[in-house]
Colleague: 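Before I ask anything, here is the structure I am working with.
Below, read A as the first sequence line, B as the second, and so on, with proteins coming before strands; counting in each chain starts at 1.
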Amino acid sequence: MDFAFTEDQQTITQAARDMLLETCTPAGLRKMLEQNQALDAARWATITEMGLPGMLAPEAAGGLGLGLSDFIAIAEAAGYAGLPEPLVELAGVAVPLLAEFHDDRGWLARAAAGEIIAVGHAANPFVTDADIAAALLLGHGNEVHLLAPEAVVLTRQESVDPFRRLFRVDWAPGPETRVAASWGLTAERGALFAAAQMIGLGQRCIDLGVAYAKDRNQFGKPIGSYQAVKHLLASAQVKIEFARPVVYAAAAELDLASLPARARAAHAKIAAGEAADLAARSALQVFGAMGMTWEVDLHFFLKRALALKFAWGTPALHRGTVLSRITSLATGPDATFAAELAR
Amino acid sequence: MDFAFTEDQQTITQAARDMLLETCTPAGLRKMLEQNQALDAARWATITEMGLPGMLAPEAAGGLGLGLSDFIAIAEAAGYAGLPEPLVELAGVAVPLLAEFHDDRGWLARAAAGEIIAVGHAANPFVTDADIAAALLLGHGNEVHLLAPEAVVLTRQESVDPFRRLFRVDWAPGPETRVAASWGLTAERGALFAAAQMIGLGQRCIDLGVAYAKDRNQFGKPIGSYQAVKHLLASAQVKIEFARPVVYAAAAELDLASLPARARAAHAKIAAGEAADLAARSALQVFGAMGMTWEVDLHFFLKRALALKFAWGTPALHRGTVLSRITSLATGPDATFAAELAR
Amino acid sequence: MKLEYTDEQRAFRAEVRKWMAENVPAEPLASFDLTREGFEAHRLWERKLNDGRWGMVTWPEALGGRNLDLIRWLIFEEEYYRAGAPTRVNQNGIFLLGPTMMEFGTEEQKSRFLPRMAAGEDIWAQAWSEPGAGSDLAGVSATATLDGDHYILNGQKIWSSRAVFADWAFGLFRAPGSERHKGMSLVLFPLDAPGVTRRPIARMDGELVFAEIFLDDVRVPVANRLGDEGQGWNVCMATAGFERGLLLRSPARYQVAASKLVALYEAHKQDLPASMGERVAQNWMDAEAYALAIYAMCSRLNAGGKIGPESSTNKIFWSEMDIAMTQTALEILGPRAELMPQAPDAGDVGDWLEDYIFALAGPIYAGSNEIQRNIIAERMLGLPRG
Amino acid sequence: MKLEYTDEQRAFRAEVRKWMAENVPAEPLASFDLTREGFEAHRLWERKLNDGRWGMVTWPEALGGRNLDLIRWLIFEEEYYRAGAPTRVNQNGIFLLGPTMMEFGTEEQKSRFLPRMAAGEDIWAQAWSEPGAGSDLAGVSATATLDGDHYILNGQKIWSSRAVFADWAFGLFRAPGSERHKGMSLVLFPLDAPGVTRRPIARMDGELVFAEIFLDDVRVPVANRLGDEGQGWNVCMATAGFERGLLLRSPARYQVAASKLVALYEAHKQDLPASMGERVAQNWMDAEAYALAIYAMCSRLNAGGKIGPESSTNKIFWSEMDIAMTQTALEILGPRAELMPQAPDAGDVGDWLEDYIFALAGPIYAGSNEIQRNIIAERMLGLPRG
């Protein structure tokens, strides 16, 4: 029992985090929007060179052969940076799915090398980044189909988060497009990594709020010296502190695929969503009217959090999973860990 | 349309309130407990002399022939004072029920004159003040039966509020005890007047907290000058301010007996319960450890509020009533008042 | 206590309803913030209201009003929102400056400004906040320097809704060298005066709903000062009372939103957990509670009462209710909540997302909720000042 | 990151479970607050734990401990709560004073006090707060006046749980004339010393769970001072860190409560709205989140980390969770929630009401949640002091 990242994990996370924070700045985000870019090619090249898209792919496919726990804090850092590129969806969702296929038709290696694979799972009404995907994994009943971009018709659906590139995908399944009979744990991995991003987003909102509260004076002193402002931000930080370990635990347990493991991912999604929501709204209150403007960076993170809260299963759906876990399986202090319940 | 008490209403309320606050002090409550008294005879005599028990009884039965709106703010004042005697249950619940009977067997006049009638409605598992009742109104299926104290067996059930004298009543129905085929609006009146008492209880908790916050110094100044303390009490006051008009409106509308009128009473019970709960817990936080003690008066009001929150229908039950009102009848700005919906 | 309309009140409601049915534009008007055309369309609507004597029903008849009491004002508002009539482009004028001017203005000011305001000839913007003075309004630094019978205005104002296309603004300025609450005056100035520059500010969703105003040696006659020299703070606080208390936040608005929310819930309830019904019921109850509290307040004001610090309780309640209500709608919409209304598959998402973003500003503007809680604690509950 | 016990850890759990099954009293012990008999029964339980070397498993073996790491401590606590074993009458000693003494005490003090503490021979009470010094602990006014090699203690202490029957107390005293954080010392004194008077205080439900201690010229040797002269504040803050951070609030306690809540819900669910299931699920998630956060913290501490201001986040989380959890239970019990356990028809109300009342104290004691939020804001987030 060791609930801490290994040194290796810390090293790779720190490197990825440093790279993301250095290359992905709010100023850069604004520039991408002005130039209507979906992807920063230089950053994506760096991400790919670091091997991040293939972290969870087996070494045979050119990946690093690592597990969910190795990538979870990188997903958190991607949220913290407000990363617009679909690294988390590619490395955390598409790659593990491709790795489960009997025949991935070569796409696992291509994904691990940074080619974007869009994932159209029934949990989400639209497909993100479908317009920049080299291939699309789409659902037909329970089946997974693999489509080439030429074989689908895309209709853009504007999101409040301009970096969320949502599309309705019209396509026709055929025997030749079918690649798998089921999605496995795709929905749970989607929820888990959305949760990780939300932890990062929430923490970023708090950090922005704290910086502003130190700087902004009203009634002759920094607003951060008022108890009301302090307590707003402190309460949000408490929410983050008790959501983050759930996310990390869910990453460590999900591969067990049991109900306790799936309930943990559900819990992670609920808790991270609430924490990010509270953090974003608390920071907004600290920023005051400035926070409502396009000029201040807060909205990039607030809007991403809003969208991710409902992506990969609503809070209501995930609550249902938790409720069925606690009413059908043992609870209590010796029933905390999924691995122990699986014995 | 006039959402204000008449001068007459204000006069009688003020007189009752002054009397209650003067005669019912926390010191007096402590004395009653020491002496194991269920009722302060002198106060009850004054209450009776003022005609309060019979306010809602017709003049023919020796009452004042008034309506629910005339008594609602007195019930609130009884809550504020922490009155231990069952004035509200007698005047607000038992008397209107007796007044609906085809044959009240003389009990309406006796109740109006201050004899205590205990009410055993199915909304509550136990009967309050059964040991000091001159008669008991008890339920058998939908029917109402009237029992003499000699004809029942009482088992005391200790409540956290020592002034809530709860009893299980064992008894046998017979043709001669049956007095009515149904309870009419008894449950709704019970909920309404519990709500009114909770508004008073909540306001009392806030007032106690405010007084202590002005007086108690920490870190060299009154704790009431700290924003955290201010905001606790201010938030509780906001809850009270937006529950009280609902209670008053419910009193004005309940006799219509329509679903909107019953939903209003349900809303009043929910809102007043939440307001009193928040007020009591906020005041407790202001008092700190002192508030946890028997020595400080706060607990009299906190415990009564806790009990009344679940009496006469749980919040969950009342939410169901509100939900059925909004999903089956018109809503919107021209659908506010029950009288207009009844036209 | 009589919670029933009189026959006269019912007849009044019928009259409003009939007029609205005949006059409210079938299609929503274009935004008054984005284009001059949209702004002018709203001005025309103000004129049409004024022509029907519906511009501001509580105003005196001489000013085109109907001198109605607040209960009838509530009925008017209920029918206005029920009909889905356009947002009042001149709300800063008719709801805030108008009542303030009736209380503090000279006869000359009233006759110069109020009829034009009522008729939509002058559309007003508010110019209070500054980049350095938000919650701390006494921190404003824009100056009004006396120069003979004129003031020379200098400084920067922010969060001036409508200011991009409006005709006039009212703002808080201070005598050079004065400090905090002293030495301030409320001054009215035309937005096309030489030295005035206006710049729209984009909201987080890209909508342009605020503006900045830069004042560079703007000359206005002293007769444009509302209230006495140096009394600007008191005049401004009276206006703020109108803002957070009552006039800008009539309950009908939330009751219409609650009705829409019930309909949204009904349309989706087969896919929702049972608890969503309880949330919707709570939102509806809040809207009702707000309406009842305002009816009680209006009854009291009709009987000669005054608005006190309870306007702060109103502000906290409506702002928190608005967030809770729009949040419920987003929860019901689930993964479609993030969609902009123009998305091809937006379906019934409607304006809930924009309403939510607007609601997020509620605890901030018109005096942040932190300030309101201080006011409640100090002025209603009597707790000592920090 | 490996969320799986080792075989050794599993064997350890089995060992604890077996011992508890064989030793935990079948019937709950009488209250240690109400009678000397109940108190002594709990002392016997402490002795029995110590005899089995289960008194404090993280303590060194020389002191009767097992020198176990914090993960095994968590496993021990899980089995302890799972078995429904008695509340630790000596928690002030073993969880608070013990670790503090190991850090700050002299060798003489360690050998004089710790073995007796471990064996239940000395049961300890805490004597920090005073009527005038609650959240503001630096405001204590009780004095320790140096008189040769003795201190003369004078003053009044309050909220000293267990003090009525305990043997010793540790308290915060100041040198006469000293102010605020300076000049304080942590002094140990026997509760049967001449000049010590103890008075129980009744809680709102009539239970006697606190006490006051009056000190009137109580003489204790200077050797009873823990830490350096005038360093009492620092020693006390270290102890407070233990109190709110970890040791007194092991997650197992809340996980057992959450399990009971699930069972209560299952027993009544046919009469409850569907939303109650969601509330129970939320309460369970909170207990899990707390457990996971503590496992993460213990893993970090095992690797050599220190507890910092995040102990304040723990304190806020468990105290709010405890209220939410017990409130859900009361909602499920509905009109029976008000019943005392001795009511003849109490049925399955159990201790939820008392647990709720106890939970209400959570945001108050061990540093109020207002103080904890200040600490988080200032020390974790770096916001400026008021």
Colleague: Flag yes if more than 12 heavy atoms outside C/E266 fall under 6.0 Å of its CD atom; otherwise flag no.
Modeller: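 Check passes, neighbour count above 12.
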Colleague: Any side-chain heavy atom of A/L284 within less than 4.5 Å of one from C/M204?
Modeller: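 Yes; the side chains approach each other to less than 4.5 Å.
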Colleague: Sequence neighbours excluded, which residues qualify as ring-ring contact (aromatic ring centres under 6.0 Å, His included) partners of A/H318?
Modeller: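 Expected list: none.
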Colleague: Under 3.5 Å, is there a donor-acceptor pair between the side chain of A/Q157 and the main chain of C/L339?
Modeller: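 Not confirmed, A/Q157 side chain does not pair with C/L339 backbone.
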Colleague: Go through the atoms of A/L298 and report whether side chain, backbone, both or neither lie under 4.5 Å from a heavy atom of chain C.
Modeller: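 When you check distances to chain C, no heavy atom of A/L298 falls under 4.5 Å.
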Colleague: Just verifying a value: how many Å separate C/E370 CD and A/H231 NE2, rounded to the nearest 0.5 Å?
Modeller: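 Rounded to the nearest 0.5 Å, the CD-NE2 separation comes out at 12.5 Å.
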Colleague: When you compare the side chain of A/M292 with that of C/V209, does any pair of heavy atoms fall below 4.5 Å?
Modeller: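 No, side chains not in contact.
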Colleague: Using every non-hydrogen atom in the two residues, find where C/P335 and A/T314 come nearest and quote the distance to one decimal.
Modeller: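 Answer, listing the atom of C/P335 first, then A/T314: CD-CG2, 3.9 Å.
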Colleague: Which region of C/I357, side chain (C-beta onward) or backbone (N, CA, C, O), has a non-hydrogen atom less than 4.5 Å from a non-hydrogen atom of chain A, or is it both or neither?
Modeller: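 Backbone plus side chain of C/I357, per the 4.5 Å heavy-atom cut-off to chain A.
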Colleague: Is any side-chain heavy atom of C/P341 less than 4.5 Å from a side-chain heavy atom of A/E158?
Modeller: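 When only atoms from C-beta onward are counted, A/E158 and C/P341 do not touch, as no gap falls below 4.5 Å.
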Colleague: Less than 4.5 Å to any heavy atom of chain A: does that hold for the side chain of C/A133, its backbone, both, or neither?
Modeller: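 Just the backbone, heavy atoms under 4.5 Å.
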Colleague: Under 4.5 Å heavy-atom distance to chain A, tell me which part of C/L360 shows up: side chain, backbone, both or neither.
Modeller: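 C/L360 touches chain A through backbone and side-chain heavy atoms alike.
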Colleague: Relative to chain C, which segment of A/I223 carries a heavy atom at a distance below 4.5 Å: side chain, backbone, both, or neither?
Modeller: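 The answer is neither part of A/I223.
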Colleague: Indicate the atoms forming the closest heavy-atom contact of A/R216 with C/G132, along with that distance.
Modeller: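 So the minimum-distance heavy-atom pair works out to NH1-CA, 4.0 Å.
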Colleague: Against chain C, label A/S159 side chain, backbone, both or neither, depending on which of its atoms sit under 4.5 Å from a heavy atom there.
Modeller: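 Both backbone and side chain.
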Colleague: For residues C/I371 and A/F219, determine if any side-chain heavy atom of one lies less than 4.5 Å from a side-chain heavy atom of the other.
Modeller: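 Touching, per the 4.5 Å side-chain cut-off.
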Colleague: Below 4.5 Å from any heavy atom of chain A, which atoms of C/I201 appear? Answer side chain, backbone, both or neither.
Modeller: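 C/I201 touches chain A through side-chain heavy atoms alone.
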Colleague: Is any residue of residues 319-332 of chain C within less than 4.5 Å of chain A by heavy atoms, and which ones?
Modeller: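 Listed by number, the contacting residues are C/I323, C/Q327, C/L330, C/E331.
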Colleague: Under 4.5 Å from any heavy atom of chain C, what part of A/F126 do you find: side chain, backbone, both or neither?
Modeller: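 Contact with chain C is through the side chain of A/F126 alone.
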Colleague: Could you tell me whether the side chain of C/D136 reaches within less than 4.5 Å of the side chain of A/N217, counting heavy atoms only?
Modeller: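 They are not in contact (no side-chain heavy atoms under 4.5 Å apart), so the answer is no.
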Colleague: Quick one: what part of C/P131 sits under 4.5 Å from any heavy atom of chain A, side chain, backbone, both or neither?
Modeller: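 Backbone only.
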Colleague: Would you mind reporting whether A/P125 and C/D345 have side-chain heavy atoms less than 4.5 Å apart?
Modeller: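 No, every pair of side-chain atoms sits at 4.5 Å or beyond.
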Colleague: Do C/Y356 and A/V160 have side chains that get closer than 4.5 Å, going by heavy atoms?
Modeller: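 The answer is no; the side chains never approach within 4.5 Å.
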Colleague: Identify which part of A/A307 has an atom lying under 4.5 Å from any heavy atom of chain C, answering side chain, backbone, both or neither.
Modeller: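 Contact with chain C involves both backbone and side-chain atoms of A/A307.
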Colleague: Among C/M276, C/Q342, C/E354, C/E207, who wins on heavy-atom pairs under 4.5 Å with chain A?
Modeller: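 Highest number of heavy-atom pairs under 4.5 Å: C/Q342.
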Colleague: For C/R180, is it the side chain, the backbone, both, or neither that has a heavy atom closer than 4.5 Å to a heavy atom of chain A?
Modeller: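 When you check distances to chain A, only side chain atoms of C/R180 fall under 4.5 Å.
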